[in-house]
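Letters A, B, ... are given to chains in the order of the sequence lines, protein chains preceding strands, and every chain is numbered from 1.
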Number of protein chains: 2
Amino acid sequence: MAQKIKLSTIADALGVSTATVSLALRDSPLVADSTRERIKEHARAIGYIYNRRAASLRTSRSGIVGVVVHDIMNPFFAEILKAIESELDRSRQTFLLSNHYDQLEKQRNFIDTLLQLGADGVIMSPAIGTPREDIQMLEENGLPAVLVARSVEGAGVPVFRGDDSYGIGLATNHLISLGHRRIAMIGGTDQTSTGRHRYQGYVLAMEKAGLHVQPDWRIPGPRTKQAGFEVSGQFLALPDKPTAAVCWNDLVAIGLMNGIARAGLVPGVDVSVTGYDDLEEAAIATPALTTVWNGQSDVGRRAARALLDRLNGVAVKVSQELIKPELHVRQSTGKPVERK
Amino acid sequence: MAQKIKLSTIADALGVSTATVSLALRDSPLVADSTRERIKEHARAIGYIYNRRAASLRTSRSGIVGVVVHDIMNPFFAEILKAIESELDRSRQTFLLSNHYDQLEKQRNFIDTLLQLGADGVIMSPAIGTPREDIQMLEENGLPAVLVARSVEGAGVPVFRGDDSYGIGLATNHLISLGHRRIAMIGGTDQTSTGRHRYQGYVLAMEKAGLHVQPDWRIPGPRTKQAGFEVSGQFLALPDKPTAAVCWNDLVAIGLMNGIARAGLVPGVDVSVTGYDDLEEAAIATPALTTVWNGQSDVGRRAARALLDRLNGVAVKVSQELIKPELHVRQSTGKPVERK
DNA sequence: CTGAAAGCGCTTACAG
DNA sequence: CTGAAAGCGCTTACAG
């Protein structure tokens with residue numbers, strides 16, 4: 001590679017100062033039109049590459065926004081990320097993505113990196129066990145944060161998430177209205193706020209309908225298709241044979257349905273199954289999945305906007321923004337059928 | 001936030017020079033053990049944050065590696081990315097991820113960003129239509145590149161990918177050996193090297209077996225589950241009713257099987273279907289998918305290592321590294337059945 | 001083993 | 001409308 005081209009290379013070539021070049025390239029009205037055009041034209045011609053590190057060192061604005069979630073390959077987060085991406089793209093922010101896989105240490109490493117790079121802000125779905133101090137520390141170090149999907153008590157930053165308790169209630173009530181009395185809940189964990197909210201919503205709906213909640217009918221843990229598939233045997237062997245399963249999310253529901261089909265039963269007929277999230281895949285699953293739309297794109301879009309607002313000095317209220325879920329009824333739920 | 005803490009803050013507090021602090025924090029043997037410990041202890045105590053922009057400006061090494069693929073949420077890339085991630089984590093490189101969605105402009109924007117940030121290298125699965133000049137320009141600007149999954153003729157950089165022609169041949173031959181004579185090929189596009197290689201491999205296997213390749217039996221395009229689902233009607237209406245379908249990838253195969261099931265036929269019995277990639281999901285699909293393992297994790301790991309080698313000055317030969325695919329036979333393929 | 005000084009490539013008051 | 005100069009926070013020869 002040839003000699004490194006910098007502002008002063010251009011300035012020297014055109015007989016102007018670096019200040020003028022710097023202003024011209026950023027379209028400052030302080031520079032005469034003709035000067036600006038000459039400079040921009042020349043910069044393009046010689047292949048000048050703007051050095052953001054130098055600029056950022058000077059201005060202490062990096063144009064980088066960090067996004068960290070449990071697993072970017074999880075389609076639930078994927079939909080949130082797409083919304084964030086298109087929002088950030090519009091304001092020409094670079095976004096730095098990372099998985100924490102619910103490991104606090106990975107999350108901390110990533111946050112360290114953001115601080116070292118002078119990131120402008122961060123959007124996160126906090127790892128299980130994130131103490132509020134971890135979030136508060138961000139603000140103290142000038143890194144504004146916004147949470148998605150999960151909340152952290154007392155962290156004092158905006159949170160955008162679906163109304164999980166209400167949403168799972170929609171699914172549970174739908175099954176109850178079909179006549180189901182013995183309804184299991186498969187997947188999720190009490191270690192996340194989301195997990196607690198969904199379980200509470202399920203319990204609440206059952207109790208409101210005067211139905212007995214049997215602790216055995218809860219199989220906590222699964223959050224993936226694979227895991228849903230693996231617990232299908234356990235589900236089918238549950239005491240008193242529940243006629244329906246409220247699943248933690250669509251992935252678990254689809255895995256569970258695959259397992260039920262392998263066992264020779266017909267999901268949607270012999271056993272009713274509900275999902276959560278309404279991923280694209282829910283509509284084309286066999287049978288098509290009855291599930292709860294969780295507003296992923298809303299969550300992503302609104303979180304990104306809130307962060308951008310903060311970066312631009314607009315006040316953002318620190319509150320829980322609950323997106324209202326909706327029930328989408330398809331083929332995986334029907335009237336209860338007793339198994340032997 | 002309080003006064004910004006920098007190297008000189010520590011130096012002043014301890015009565016040493018910034019040079020000593022800088023060396024001590026990076027564990028230089030030039031600094032006496034006791035001095036080093038005092039410095040590190042103090043830095044920790046006052047919450048010093050290393051400014052990578054400043055360091056990088058000085059050293060022109062950023063610790064950033066870019067990774068750009070068509071769509072990070074696609075499980076095929078997801079598996080490559082996981083392998084890259086764990087390899088880069090080990091050498092403490094930050095990785096900057098982006099989707100180009102096969103849009104050249106998005107890809108160019110991302111590469112610009114990498115250049116501006118002074119990234120150390122880039123791993124890419126080039127967007128459809130990437131001219132070799134785009135790749136060559138990277139090297140000229142001191143940004144070493146490594147390609148995965150797709151190649152660009154004459155780009156002069158290492159490529160890591162599966163042997164697509166051979167792999168699709170495994171699937172086609174498997175169907176032929178089961179007795180199938182009329183085999184369709186669903187999905188993929190001639191616009192990518194991968195697409196061309198797979199189609200060629202299919203044609204080659206058919207011809208080698210003395211079978212007629214009917215152009216109508218190719219339905220190009222689909223690359224997602226949704227798209228595979230949508231063309232199932234078109235597939236079932238194909239002239240001469242093929243008894244089997246070689247699919248572009250697992251997603252298309254699963255979507256197609258869902259569509260076939262909706263039409264009242266039983267995939268794996270009435271119609272044989274093969275996938276490609278052997279995603280985690282292939283094993284738990286209903287029926288379990290016969291597919292070709294494509295070595296995603298190998299591709300990712302080896303590409304990351306090659307790049308890291310280059311960054312460390314180890315010579316890397318510029319060649320196509322072909323990973324040998326393997327056929328995994330499951331339940332979605334069987335003897336041919338004639339439909340009316 | 002430690003320190004003084006220059007410089008990475010920008011941007012921003014300030015002066016004219 | 002344009003230029004000269006300082007400074008962002010590091011690291012790296014160089015000197016001692």
Side-chain angles (χ1 to χ4, degrees), chain A residues 1-40 42-43 46-64 113 115-120 141-142, chain B residues 1-40 42-43 46-64 113 115-120 141-142:
Chain A
M1 111 187 107
Q3 189 59 33
K4 196 85 184 179
I5 296 163
K6 43 190 176 176
L7 277 194
S8 63
T9 316
I10 302 177
D12 291 352
L14 300 182
V16 296
S17 74
T18 58
T20 303
V21 177
S22 171
L23 292 168
L25 290 178
R26 284 173 298 141
D27 288 321
S28 162
L30 288 176
V31 179
D33 285 3
S34 64
T35 315
R36 177 168 5 101
E37 284 320 308
R38 256 175 67 222
I39 291 173
K40 293 184 95 169
H42 186 71
I46 64 175
Y48 168 69
I49 292 170
Y50 178 67
N51 188 325
R52 263 166 72 163
R53 292 170 289 179
S56 157
L57 181 57
R58 182 57 226 256
T59 61
S60 65
R61 254 256 196 176
S62 65
I64 292 175
T113 299
L115 289 169
Q116 293 179 1
L117 290 173
D120 298 332
N141 284 290
Chain B
M1 119 188 100
Q3 190 60 33
K4 196 85 182 177
I5 296 163
K6 43 191 176 175
L7 278 193
S8 63
T9 316
I10 302 176
D12 292 351
L14 300 182
V16 295
S17 73
T18 58
T20 302
V21 176
S22 172
L23 292 168
L25 291 178
R26 283 173 299 141
D27 288 322
S28 162
L30 288 176
V31 179
D33 286 2
S34 63
T35 316
R36 176 167 7 101
E37 284 320 308
R38 255 176 67 221
I39 290 173
K40 294 184 93 168
H42 187 71
I46 64 176
Y48 168 68
I49 292 170
Y50 179 68
N51 186 325
R52 265 165 71 163
R53 291 170 290 179
S56 158
L57 181 58
R58 181 59 225 258
T59 61
S60 67
R61 255 256 195 175
S62 65
I64 291 176
T113 300
L115 289 169
Q116 293 179 2
L117 290 173
D120 298 332
N141 285 291

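An OP1 or OP2 oxygen of dC10(C) is reached within less than 4.0 angstrom by a side-chain nitrogen or oxygen of Y48(A). Contact annotation: R26(A) side-chain N/O to dT11(C) OP1/OP2 distance is under 4.0 Å. Contact annotation: T20(B) does not reach the phosphate of dT2(C) (side-chain N/O to OP1 or OP2, under 4.0 Å). Using a 4.0 Å cut-off, no side-chain N or O of R38(B) falls inside it from OP1 or OP2 of dT2(C). The shortest distance between the side-chain N/O atoms of T59(B) and the OP1/OP2 oxygens of dT11(D) is not below 4.0 Å.
T35(B) comes within 4.0 angstrom of sugar-phosphate atoms only, judged by non-hydrogen atoms across all strands, and of no base. Residue A19(A) is in base contact, counting any heavy-atom pair closer than 4.0 Å across all strands shown. As judged by a 4.0 angstrom heavy-atom cut-off over every strand, G15(B) is placed among residues touching the sugar-phosphate backbone only.
Side-chain contact between L14(B) and T35(B) is absent, with no heavy atoms from C-beta onward closer than 4.5 Å. Considering only heavy atoms from C-beta on, I49(A) stays 4.5 Å or farther from I5(A) through its side chain. I64(B) is listed as a side-chain neighbour of R52(B), based on a closest heavy-atom distance under 4.5 Å.
Each of dG3(C), dG9(C), dT11(C) was ranked by its minimum atom distance to the side chain of N51(A); first place goes to dG9(C). Relative to the side chain of S22(B), the nucleotides dT11(D), dG3(D), dA6(D) differ in distance, and dT11(D) lies closest. Residue K4(B) places its side chain closer to dG9(D) than to any other of dT12(D), dC10(D), dG9(D). Distance from the side chain of L57(A) is smallest to dG9(C) among dG9(C), dC10(D), dG3(C).
Atoms CG (L30(B)) and P (dT2(C)) sit 10 Å apart, rounded to a whole Å. For D12(B) and dG9(D), the CG to C1' distance is 13 Å, given to the nearest whole Å. For the pair L23(B) CG and dT2(C) P, the interatomic distance rounds to 10 Å; values are reported in whole Å. In this structure, the CD1 atom of I49(A) is 11 Å from the P atom of dC10(C), given to the nearest Å. Residue R52(A) contributes atom CZ, which lies 12 Å from atom P of dT11(C) at whole-angstrom precision. As rounded to whole Å, 12 Å separates atom P of dT12(C) from atom CG of L7(A). Atom pair I10(B):CD1 and dG3(C):P shows a separation of 14 Å (rounding to whole Å applied). Whole-Å rounding puts the R53(B) CZ to dT11(C) P distance at 13 Å.
In this structure, dA13(C) forms no base pair with any nucleotide, since neither Watson-Crick nor G-U wobble geometry is met with both distances under 3.5 Å. Nucleotide dA4(D) has no partner under the Watson-Crick or G-U criteria, as no pair reaches both atom distances under 3.5 Å.
Across all their heavy atoms, S17(B) and A11(B) have their closest contact at C-CB, 3.7 Å.
Between the side chain of T18(B) and the backbone N or O of L7(B), no donor-acceptor pair lies under 3.5 Å.
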Practice prompt. Applying side-chain hydrogen bond (donor to acceptor under 3.5 Å, both in side chains), run through R38(A) and S34(A) and close with a yes or a no.
Written response: CA-CA 6 Å; R38(A) 256 175 67 222; S34(A) 64; over 6 Å; no

